[in-house]
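Note sheet for the following structure.
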Amino acid sequence: MPVTDHELLAVAVAEAKAGLAEGGIPIGAALVAADGTVLGRGHNRRVQDGDPSMHAETAAFRAAGRQRDYRTTTMVTTLSPCWYCSGLVRQFGIGRVLIGESRTFHGGHDWLAEHGVEITILDDPECVALMTDFIAANPQLWNEDIGEPS
C-alpha cells in the first residue's frame, strides 16, 4: 500500500505513461483513501474514447466508485487539475490534491486552496518531462485538451 507522496504519485505516473502508450495525453491520476489505499486510478482518455470529459481525475474518480465521504481522500494527479477537474474536487469535497507538476499547466489549484483544499505540488521532474515532451510534439492536441484555439 503506497504511503509517501512520491509513492502515491508513482501510481498516477504509471497511468500517464499508459495513456501515452495508447496514443493519448500523458496525464494520470488516482483517488486515494486516508490510509493510502488506492480507491481508483485512471488516465486521460479523451483521444482514445473520443470523450472530451474523460480527464485523468474523472477516470480515477469513476473507477473509485461511490464513496460515502470524500473529505479524507486525496486526488493524486500528474498535472495541476483543470477547471473541470477542480470543480469535481470541490463538488465532492475531496480534502487534498497532490500534484506532480504545475509548470506546464497552472490549473485551478489556487482556487481549490482558497476554498480549503490542501494542495501539495511536488514539481516532479518526470512529470514535467512527460508534459514538456508531449506538448512540443503535439501542440494542437494539447491546445484542444486545455480548450485553447489551435
Side-chain angles (χ1 to χ4, degrees), residues 2 5-6 8-33 37-67 70-124 126-150:
D5 285 351
H6 290 283
L8 293 175
L9 182 61
V11 175
V13 168
E15 286 294 325
K17 289 177 178 178
L20 182 62
E22 294 169 358
I25 299 164
I27 304 169
L31 186 65
V32 180
T37 302
V38 175
L39 302 170
R41 55 193 292 162
H43 51 273
N44 185 305
R45 296 195 49 84
R46 295 181 76 250
V47 173
Q48 299 92 312
D49 295 353
D51 179 352
S53 70
M54 191 46 76
H55 290 204
E57 297 88 342
T58 305
F61 182 77
R62 289 178 180 171
R66 289 176 55 195
Q67 305 295 314
Y70 294 91
R71 287 178 292 185
T72 61
T73 64
T74 298
M75 179 63 76
V76 182
T77 180
T78 57
L79 184 65
S80 179
C82 70
W83 288 106
Y84 171 70
C85 295
S86 294
L88 181 146
V89 169
R90 282 283 320 278
Q91 174 69 31
F92 291 95
I94 294 170
R96 179 175 185 237
V97 179
L98 175 62
I99 300 167
E101 69 102 349
S102 63
R103 285 191 215 178
T104 59
F105 181 75
H106 190 105
H109 66 262
D110 292 334
W111 176 72
L112 289 170
E114 290 169 8
H115 290 88
V117 178
E118 180 186 340
I119 301 295
T120 303
I121 302 172
L122 296 179
D123 197 29
D124 180 77
E126 185 174 20
C127 291
V128 173
L130 270 171
M131 288 311 301
T132 301
D133 293 348
F134 179 81
I135 293 167
N138 303 280
Q140 265 191 312
L141 185 54
W142 173 243
N143 284 333
E144 177 190 323
D145 192 60
I146 61 172
E148 294 291 327
S150 299

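Note that the structure is a prediction, hence the values are computed from the model and not measured.
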In Å, rounded to the nearest 0.5 Å, how long is the span from [atom1] of [X] to [atom2] of [Y]?
| X | Y | atom1 | atom2 | value |
| --- | --- | --- | --- | --- |
| I121 | R103 | CD1 | CZ | 11.5 Å |
| F61 | I94 | CZ | CD1 | 6.0 Å |
| L9 | E126 | CG | CD | 8.0 Å |
| L31 | T73 | CG | OG1 | 4.5 Å |
| I119 | S86 | CD1 | OG | 7.5 Å |
| D5 | L98 | CG | CG | 4.5 Å |

Sole residue of N44, L130, D133, I25 in side chain to side chain contact (heavy atoms under 4.5 Å, CB included) with L20: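 With L20 as partner, side chain to side chain contact (heavy atoms under 4.5 Å, CB included) holds for just one option, L130.
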Can you tell if the side chain of [X] reaches within under 4.5 Å of the side chain of [Y], non-hydrogen atoms only?
| X | Y | result |
| --- | --- | --- |
| M54 | Q48 | no |
| V11 | V76 | no |
| C85 | T58 | yes |
| L112 | R90 | yes |
| Y84 | H55 | yes |
| L88 | M75 | yes |

[X] side chain to [Y] backbone, donor-acceptor under 3.5 Å:
| X | Y | value |
| --- | --- | --- |
| T37 | L39 | no |
| R46 | P52 | yes |
| D124 | C127 | yes |

At their closest point, which heavy atom of [X] faces which heavy atom of [Y], and how far apart are they?
| X | Y | answer |
| --- | --- | --- |
| H43 | G19 | CD2-CA, 3.4 Å |
| G42 | A59 | CA-CB, 3.9 Å |
| T77 | V97 | CG2-CG1, 4.2 Å |
| G108 | S80 | N-OG, 4.1 Å |
| A16 | G28 | CB-N, 3.5 Å |
| P139 | A136 | CD-O, 3.7 Å |

Chi angles and distances behind the side chain to side chain contact (heavy atoms under 4.5 Å, CB included) call for I27, M131: CA-CA 8 Å; I27 304 169; M131 288 311 301; 3.9 Å; yes
Y70 and F92 aromatic ring geometry - parallel, tilted or perpendicular at 30°/60° bounds: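 F92 and Y70: perpendicular rings.
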More than 12 heavy atoms from other groups under 6.0 Å of NE2 on H6: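 It does not: H6 NE2 has 12 such atoms or fewer within range.
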R62, CZ: over 12 other non-hydrogen atoms inside 6.0 angstrom: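 Yes - once you tally the heavy atoms of other residues, nucleotides and ligands closer than 6.0 Å, there are more than 12.
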Full working for side chain to side chain contact (heavy atoms under 4.5 Å, CB included) between I146 and C82: CA-CA 8 Å; I146 61 172; C82 70; over 6 Å; no
Chi angles and distances behind the side chain to side chain contact (heavy atoms under 4.5 Å, CB included) call for T120, R96: CA-CA 8 Å; T120 303; R96 179 175 185 237; 3.2 Å; yes
Stepwise side chain to side chain contact (heavy atoms under 4.5 Å, CB included) check, I99 with H109: CA-CA 9 Å; I99 300 167; H109 66 262; 3.6 Å; yes
